[in-house]
Amino acid sequence: EEVTIAYFLEWPTPNQYAQATGLYEEAMGVRVNWRAFETGVQMSAAMAGGAVQIAFSQGVPPFVVASSAGMDIELAAVAVTYDDNDNCVVHESTGITAENAVELEGQRVAVPLGTAAHYGMLRQLEHFGIDPSNLSIVDLSPADGAAAMARGDVAMACGWGGGLRRMMEYGDVLLTGAEKRELGIRIFDVVSVESGFGAAHPELVASFLRVTDDMNQRFQSDREAMAPVIAEAAGMDMEGTNATLDAFGFPLIEEQLGPEWLGGGLQAFLLEVAEFFVEQGTIESALESYEGVVNTAYMNMAAEM
Amino acid sequence: MTLLAIYVALLALIWALTAFLSLRIRQRDGFTTRKTVTFGDESAVRPSRVASVASVLVIFLIWGAFTGSAWTFIHAPAEWQMRPIWLPPPENVWHRLISIANDGYRNFTLWEHLSISIWRVLAGFFLGALVGIPLGFAMGLNNFLRGWFDPIVEFMRPVPPLALIPLVIIWFGIDEKAKIILLFLAALWIMAIAARAGVAGVALSKVHAAYSLGASKAQILRHVIVPNALPEIFTGARVAMGVCWGTVVAAELVAAEKGAGFTIMVASRFMQTDIVLMGIILIGIIGYSIDMAMRTAERFLVPWKGRG
Amino acid sequence: MTLLAIYVALLALIWALTAFLSLRIRQRDGFTTRKTVTFGDESAVRPSRVASVASVLVIFLIWGAFTGSAWTFIHAPAEWQMRPIWLPPPENVWHRLISIANDGYRNFTLWEHLSISIWRVLAGFFLGALVGIPLGFAMGLNNFLRGWFDPIVEFMRPVPPLALIPLVIIWFGIDEKAKIILLFLAALWIMAIAARAGVAGVALSKVHAAYSLGASKAQILRHVIVPNALPEIFTGARVAMGVCWGTVVAAELVAAEKGAGFTIMVASRFMQTDIVLMGIILIGIIGYSIDMAMRTAERFLVPWKGRG
Amino acid sequence: MADLRIENLSMTFSLPNGSKIEALKDVSLTIGDGEIVSVLGPSGCGKTTLLNILAGFLAPTEGSVRLGDKPVTGPDRSRGMVFQQGALFEWMSVAKNVGFGPRMAGRKRAEIDSRVDALLDTVGLQGFGDKAVYELSGGMQQRVALARCLANDPEVILMDEPLGALDALTREKMQGLVLKLWKDTGKTIVLITHSVEEALLLGERLIVMAPRPGRIHAEYRLPFAEKGVGEDLRAIKRLPEFSARRDEILEMIWEMEEEIMGRSEVAT
Amino acid sequence: MADLRIENLSMTFSLPNGSKIEALKDVSLTIGDGEIVSVLGPSGCGKTTLLNILAGFLAPTEGSVRLGDKPVTGPDRSRGMVFQQGALFEWMSVAKNVGFGPRMAGRKRAEIDSRVDALLDTVGLQGFGDKAVYELSGGMQQRVALARCLANDPEVILMDEPLGALDALTREKMQGLVLKLWKDTGKTIVLITHSVEEALLLGERLIVMAPRPGRIHAEYRLPFAEKGVGEDLRAIKRLPEFSARRDEILEMIWEMEEEIMGRSEVAT
Ligand SMILES: Nc1ncnc2c1ncn2[C@@H]1O[C@H](COP(=O)(O)OP(=O)(O)OP(=O)(O)O)[C@@H](O)[C@H]1O
Ligand SMILES: Nc1ncnc2c1ncn2[C@@H]1O[C@H](COP(=O)(O)OP(=O)(O)OP(=O)(O)O)[C@@H](O)[C@H]1O
Ligand SMILES: [Mg+2]
Ligand SMILES: [Mg+2]
């Protein structure tokens with residue numbers, strides 16, 4: 001018996017220490033395969049195909065899209081919050097900043113459709129009063145977006161992680177993470193589980209969450225020792241890893257079970273995102289409520305362990 | 001698996017039924033029926049119309065029955081029903097087609113999505129033919145140019161044009177120009193090889209006849225070699241068009257802002273299976289139409305094909 | 001543009017030089033040389049070896065000269081030099097090949113990247129042939145099955161296999177199974193059509209001869225129709241292999257964790273142009289080798305091809 | 001063995017455009033056991049159609065064919081065929097081709113081998129058993145076809161222009177072989193040809209057919225097949241009566257063809 | 001107009017494997033102005049090679065060809081060719097094919113048209129000018145080839161088995177046409193054939209060639225071409241001297257071929 005877990009490259013998180021040192025296998029008692037993906041959308045596809053059981057750090061929008069479309073997928077926990085590590089960068093040659101953002105109209109923009117970056121971009125455009133249909137939106141992964149930016153093919157590119165850092169070499173963000181938070185744009189990733197697997201092996205999911213939480217706790221005290229291992233597992237250099245980790249937040253179990261997250265805030269936010277997407281015409285319909293796709297049982301079990 | 005079993009069972013059932021019925025209804029008198037042995041004689045195989053109709057009906061029936069379609073009267077038990085994200089009922093695909101045709105998808109109308117892809121194919125193909133055909137002729141007519149271009153053509157021919165996408169992205173970015181260059185490269189070698197084969201296919205007696213009728217080299221090229229190579233070039237053009245159509249779809253899967261391939265790729269991101277199906281069907285229809293159009297053009301433009 | 005001009009200038013120069021020299025050095029005596037008119041006579045075109053060698057050298061020379069390669073002695077002025085992210089010097093590509101062959105790329109060795117792609121192609125092709133060939137025979141031998149499958153095959157044939165990627169992603173995800181199913185679909189129709197054409201190509205006189213020698217239907221299928229269709233099937237297999245190779249590269253561009261297509265796609269994201277070039281060259285070499293292997297297999301397995 | 005009785009045979013083909021072609025109309029003929037009959041006639045007069053009906057590949061629209069007392073309803077090993085060319089199985093060696101019939105009938109390996117060897121001897125291809133058929137010249141290929149047909153020991157051998165694709169000298173040699181085989185085996189042979197000389201040489205009886213509708217136009221009884229054996233065919237061709245017959249038949253065919261071609265040229 | 005003088009012609013082909021084939025060896029022949037010569041010989045004796053040298057497509061390894069006082073060094077409109085088949089331009093109408101030579105020479109439109117009409121009349125294809133060549137029968141296509149060749153008014157017409165692909169009756173008619181054209185235009189004609197009858201009928205002189213090395217084996221001077229015109233070819237064939245000549249030449253060829261075939265069969 002084995003479990004396959006989806007993760008991102010260039011996306012350093014404390015639990016990669018456990019990934020690298022085999023702590024998950026130890027705790028879960030099964031073989032654990034790790035598969036790297038580029039977008040949360042692909043993680044959904046892989047879960048649909050049965051190739052992956054748990055996705056660690058899937059973006060909210062891909063989760064909303066998949067669950068709204070009726071895929072058998074459950075939200076088990078929050079993985080990482082990163083308002084500053086997911087953003088849109090405007091090419092410096094355009095001279096566009098938050099002041100004259102409307103000048104983006106008619107320009108070409110690279111964004112990985114259906115991801116947190118896409119959601120963040122749409123919300124920012126809404127804030128600036130720009131109609132997305134006036135932009136020429138190209139579907140590119142963050143890495144591709146950075147490459148397009150380097151060539152000067154696009155005026156703005158959105159993305160996260162390594163791609164975002166490369167984009168920053170050619171321009172600057174429109175809004176900072178803090179500014180976005182003020183507008184109610186929350187950017188975080190979740191741990192999602194294929195429902196069939198979750199129903200059959202809740203204890204595996206719970207012990208996965210337990211180990212992850214252990215790592216998050218240990219990270220607060222023992223960052224120096226863990227960072228090199230994490231950097232290695234994420235495929236990054238130390239400098240980039242540290243910069244990224246600084247921008248990340250890893251809420252612990254107690255906090256997650258609180259009202260801001262699994263206690264109700266998360267479900268409400270999912271509905272908000274879904275309704276925004278419906279309004280934008282990116283998906284047909286939202287669920288009545290997202291209570292049903294958020295399963296707090298795993299987290300409760302993990303808290304007990 | 002269950003689906004496959006049901007499909008095969010229906011096939012067998014209808015086959016048996018047809019065989020039984022045709023024992024009773026005598027087929028119309030025709031020369032095939034006078035043959036005592038028809039097994040192994042492909043010319044005696046007449047595709048059964050009943051089977052064709054039944055085949056299409058059965059596919060729709062199964063599709064409808066397992067997706068709870070309002071269009072079919074039979075429905076599979078609820079626990080076997082597919083959910084629309086896996087397979088939407090046929091009417092969804094149809095309604096989606098209508099709504100997208102009216103309202104567009106991702107800021108562009110359906111027609112814009114399709115026509116940009118078609119335009120890219122035509123532009124790339126046209127440029128490829130423009131360079132490839134003279135190149136092929138040069139290779140077929142001259143020792144030096146044959147030697148010069150042979151290694152290049154032989155190496156580039158087996159490289160799938162799609163493998164060039166990353167390089168084309170680096171060199172030319174992701175805009176229109178890049179896609180057209182990619183399609184140009186897809187068409188170029190095919191057209192060059194077709195033109196070269198066309199030259200090779202000229203019967204020597206025709207060239208000799210032209211010489212002894214006093215034609216100059218230029219006249220032989222213009223009046224003998226070119227017309228003689230046209231049928232080959234047309235065959236190459238049909239292949240090239242097919243390859244270009246496949247290439248443009250793939251290129252749009254990787255990077256685009258509109259186009260037929262873009263539509264299905266994005267729809268698959270959002271689990272809009274009805275749009276994906278609609279797109280695939282439209283891509284198939286366009287591919288089929290391109291092929292038909294080329295065949296028709298061939299019949300009109302080179303009526304002498306295969307008659308030499 | 002400048003590059004193109006330089007290239008054409010070199011071509012012209014070497015051509016003129018060769019022509020001048022060969023006026024002096026008489027070509028070795030051969031029957032072609034007794035022909036008074038060779039223009040338009042493709043059989044008299046001997047690819048000039050000098051030109052082939054010159055052609056390859058010129059490409060390397062230009063490549064090296066404009067990228068400041070240590071391998072070439074001539075260098076373009078500094079302001080014309082390309083930066084390595086646009087075009088790395090040839091030695092970079094070579095060193096990259098060696099380093100990746102030793103250390104791997106993205107957690108997998110070079111060999112793993114290439115062999116997984118090749119394995120996918122072989123598995124998909126094999127399954128496609130396994131289903132497609134019997135399907136084609138059924139269509140060539142039976143009225144009912146011909147009628148049943150004709151509309152399906154005719155519709156699926158012009159659909160580029162790549163257009164199915166989004167649907168395959170929704171239905172089967174993005175793992176090995178999905179890719180092999182995609183390649184299976186790419187090979188299936190080509191093999192079915194080839195087998196059907198093979199049956200159609202059996203000379204009626206052979207079938208009749210077998211009948212009057214007392215062979216049963218099963219014996220005719222086994223001893224006459226199958227061997228007779230093999231050459232066609234091989235031709236189809238060569239086409240299918242080419243299409244599969246292109247399809248796997250494209251499928252890996254869209255979603256994969258390793259593979260030849262994955263390598264070049266990821267490298268292009270990070271502007272590692274040397275890896276992209278290396279990958280394209282390797283893909284070309286593998287494509288070429290597959291084609292050569294198929295030809296060799298054909299010569300050994302169906303030596304009677306075209307000799308009927 | 002038994003007579004081949006052709007009674008009131010008619011064959012009408014319906015074309016897709018609705019018109020009909022009377023490829024054969026009311027043809028009756030009896031070919032005795034062990035007789036060799038040659039059939040001559042212009043293109044399109046129904047020779048191949050007739051042979052196909054005799055072989056059992058086509059069912060006539062009217063009339064019947066009987067071999068002895070069995071009606072002919074389909075192909076059978078009792079009626080062997082030799083085609084003009086291209087009917088050998090090029091994926092088999094010469095020996096495998098010759099042994100095809102017995103192999104399909106499930107004969108024993110040793111029995112087949114010895115039979116094949118004997119037949120290769122008969123047709124003058126000793127030692128060629130392991131060659132691929134496409135390595136042989138046209139004449140040798142027809143020898144293989146003859147041997148393959150004989151391997152099944154059929155009662156009747158039907159030949160459709162078996163020597164039509166051979167050059168003059170090879171053809172002459174093969175004519176000798178056909179005559180020799182006929183004499184040695186005593187088979188009933190029906191042989192279609194376009195060559196008047198060949199028809200004269202190889203037919204005990206010569207049937208001349210006429211087209212539209214396909215029918216028997218004339219019939220001759222000839223002495224040359226009985227006389228000629230092996231190598232003295234050339235001597236027979238020099239006989240004055242041979243020349244006389246040839247001129248007579250040529251004249252007759254010219255007249256017939258002229259009449260038909262005249263008609264057809266108006267038609268087109 | 002002038003004589004066609006062939007002097008000590010030799011042609012050796014080097015094969016890729018290094019061996020050499022003497023397709024022609026030391027062939028000398030003079031063909032008078034307005035003469036019609038037929039060339040007969042077994043396959044591979046160098047007939048086509050000879051014709052290609054006369055046409056100027058091949059340069060001989062030794063010897064020379066002169067037409068009048070001009071040496072032959074390449075193809076030229078003064079020497080027209082008629083091939084067995086497949087040399088018509090199927091993408092042009094009949095009239096365009098016939099007018100090809102004058103059109104390439106830049107003649108005036110009206111002049112070409114009237115010339116084409118006259119030639120179509122001559123070869124019996126009035127009213128077929130607008131047809132596509134592939135709609136015509138084989139015999140009609142050869143008429144077009146003849147007309148196309150004549151349109152350039154060449155001094156010599158070279159024909160390589162021009163009637164080889166036609167059926168017996170059509171062939172007979174075309175033989176009549178060739179003779180008629182020869183008489184009407186007075187052209188020098190060299191005609192290659194495999195048919196002894198045709199060679200006898202159409203040659204004032206008959207050259208028999210032998211292979212390995214390709215050379216002239218025998219030469220006959222014949223009266224039949226002079227006599228025969230149009231439709232009475234058949235009467236000529238019935239003449240006793242015609243039969244006698246035919247038998248004589250057949251005998252000679254048989255012996256030659258036998259000797260060669262015997263040799264070659266040992267070789268394989
Ligand atoms: N399958 C068919 N369908 C329609 N018409 C046919 C078919 N087979 C033969 N015919 C017609 O029947 C007539 C006789 O044909 P058949 O092949 O028997 O002539 P043949 O004497 O063998 O001619 P050839 O000497 O050219 O071989 C021809 O007019 C031909 O067009
Ligand atoms: N291009 C060539 N290269 C090598 N050998 C050749 C070439 N052309 C002809 N030969 C050889 O020269 C000899 C004479 O050939 P040629 O074609 O002149 O014969 P032919 O008398 O026309 O024969 P046929 O009656 O079959 O047309 C043959 O042995 C042939 O193989
Ligand atoms: Mg026939
Ligand atoms: Mg010849």
Side-chain angles (χ1 to χ4, degrees), chain B residues 11 15 18 37 39-42 45-52 55-56 140-141 143-144 146-148 150-152 155 158-160 162-167 169-170 199-200 202 204 207 211 217 220 224-225 245-246 249-250 253-254 261 264-265 267-268 271 273 276 280 283-284 287-288 291, chain C residues 11 15 18 37 39-42 45-52 55-56 140-141 143-144 146-148 150-152 155 158-160 162-167 169-170 199-200 202 204 207 211 217 220 224-225 245-246 249-250 253-254 261 264-265 267-268 271 273 276 280 283-284 287-288 291:
Chain B
L11 195 169
W15 192 358
T18 325
V37 285
F39 179 85
D41 176 1
E42 210 264 352
V45 174
R46 315 272 115 160
S48 148
R49 304 218 167 215
V50 180
S52 295
S55 169
V56 174
L141 293 171
N143 291 340
F144 183 85
R146 174 56 141 314
W148 185 277
D150 247 1
I152 301 175
F155 182 75
V159 177
L162 299 163
L164 300 174
I165 290 181
L167 196 63
I169 289 179
I170 292 180
V199 177
V202 179
L204 192 51
V207 176
Y211 271 119
K217 284 188 186 184
I220 285 179
V224 180
I225 295 173
W245 183 240
V249 169
L253 295 183
V254 174
I264 56 174
M265 194 63 199
S268 93
M271 293 270 170
T273 315
V276 173
I280 289 177
I283 288 172
Y288 191 73
D291 204 48
Chain C
L11 165 63
W15 192 358
T18 325
V37 284
F39 179 85
D41 176 2
E42 209 265 351
V45 174
R46 314 274 114 162
S48 149
R49 304 217 168 216
V50 180
S52 297
S55 168
V56 174
L141 292 171
N143 290 340
F144 183 85
R146 174 56 143 309
W148 185 278
D150 247 1
I152 301 175
F155 182 75
V159 176
L162 299 163
L164 300 175
I165 290 182
L167 196 63
I169 289 180
I170 292 181
V199 176
V202 178
L204 193 50
V207 176
Y211 270 118
K217 284 187 185 182
I220 286 179
V224 181
I225 295 173
W245 183 240
V249 169
L253 294 184
V254 175
I264 56 174
M265 195 64 201
S268 94
M271 290 281 185
T273 314
V276 173
I280 289 177
I283 288 172
Y288 191 73
D291 203 48

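Throughout, a chain's letter reflects where its sequence line sits, starting with A, and its residues are numbered from 1. These numbers come from a predicted model, not from an experiment.
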Asks: Heavy-atom pairs under 4.5 Å with chain C - which of B/Ala267, B/Gly147, B/Ala250, B/Pro160 has more of them than the others?
Replies: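 Of the options given, most contacts go to B/Gly147.
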Asks: Under a 4.5 Å heavy-atom cut-off, does chain C meet the side chain of B/Tyr211, its backbone, both or neither?
Replies: side chain
Asks: What's the spacing between B/Met265 CE and C/Leu162 CG if we round to 0.5 Å?
Replies: 11.5 Å
Asks: Measure across B/Ala163 and C/Ile264 and return the closest heavy-atom pair with its distance rounded to 0.1 Å.
Replies: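 Looks like O-CD1, 3.2 Å.
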Asks: Pick from B/Leu141, B/Ile165, B/Val50: which one has the most heavy-atom pairs with chain C under 4.5 Å?
Replies: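 Sorted descending by pairs with chain C, the first entry is B/Leu141.
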Asks: In the structure I gave you, are the side-chain heavy atoms of C/Val56 and B/Pro151 within less than 4.5 Å of one another anywhere?
Replies: yes
Asks: Mind ranking B/Leu253, B/Val224, B/Ile225, B/Val202 by heavy-atom pairs under 4.5 Å with chain C and telling me who comes out on top?
Replies: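 Among B/Leu253, B/Val224, B/Ile225, B/Val202, the one with the most close pairs to chain C is B/Leu253.
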Asks: Determine whether a donor-acceptor pair (N or O, by modelled atom type, separation under 3.5 Å) exists between the side chain of C/Ser268 and the backbone of B/Leu167.
Replies: no
Asks: Where does B/Val199 contact chain C at under 4.5 Å (heavy atoms): side chain, backbone, both or neither?
Replies: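 B/Val199 touches chain C through backbone and side-chain heavy atoms alike.
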Asks: On a heavy-atom basis, which atom in C/Val159 and which in B/Gly284 lie closest, and how many Å separate them?
Replies: CG2-CA, 3.5 Å
Asks: Determine the option with the most heavy-atom pairs under 4.5 angstrom with chain C, choosing from B/Gly261, B/Ser55, B/Pro47.
Replies: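 Option with the greatest count: B/Ser55.
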Asks: What part of B/Leu204 is in contact with chain C, defined as an atom under 4.5 angstrom from a non-hydrogen atom: side chain, backbone, both or neither?
Replies: side chain
Asks: Listed by chain and number, what are the ring pair (Phe, Tyr, Trp, His ring centres under 6.0 Å) partners of C/Phe144, not counting sequence neighbours?
Replies: B/Trp15, C/Trp148
Asks: So C/Pro158 and B/Asp291, do their side chains get closer than 4.5 Å, heavy atoms only?
Replies: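 Side-chain contact under 4.5 Å: no.
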Asks: Look at B/Val207, B/Ile170, B/Ile283, B/Val276 and state which one has the largest set of heavy-atom pairs under 4.5 Å with chain C.
Replies: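 Top option by heavy-atom pairs under 4.5 Å: B/Ile170.
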Asks: Using a cut-off of under 4.5 Å on heavy-atom pairs, state which of C/Ala200, C/Gly287, C/Gly246, C/Gly140 scores highest against chain B.
Replies: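 Answer, by heavy-atom pair count under 4.5 Å with chain B: C/Ala200.
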Asks: Can you tell me which portion of B/Ile169 sits under 4.5 Å from chain C's heavy atoms? Options are side chain, backbone, both or neither.
Replies: side chain
Asks: Is it the side chain or the backbone of B/Leu164 that comes within 4.5 Å of chain C heavy atoms, both, or neither?
Replies: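 Contact with chain C: backbone and side chain both.
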Asks: Please state whether the side chain, the backbone, both or neither of B/Leu11 comes within less than 4.5 Å of a heavy atom of chain C.
Replies: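 When you check distances to chain C, atoms from both the backbone and side chain of B/Leu11 fall under 4.5 Å.
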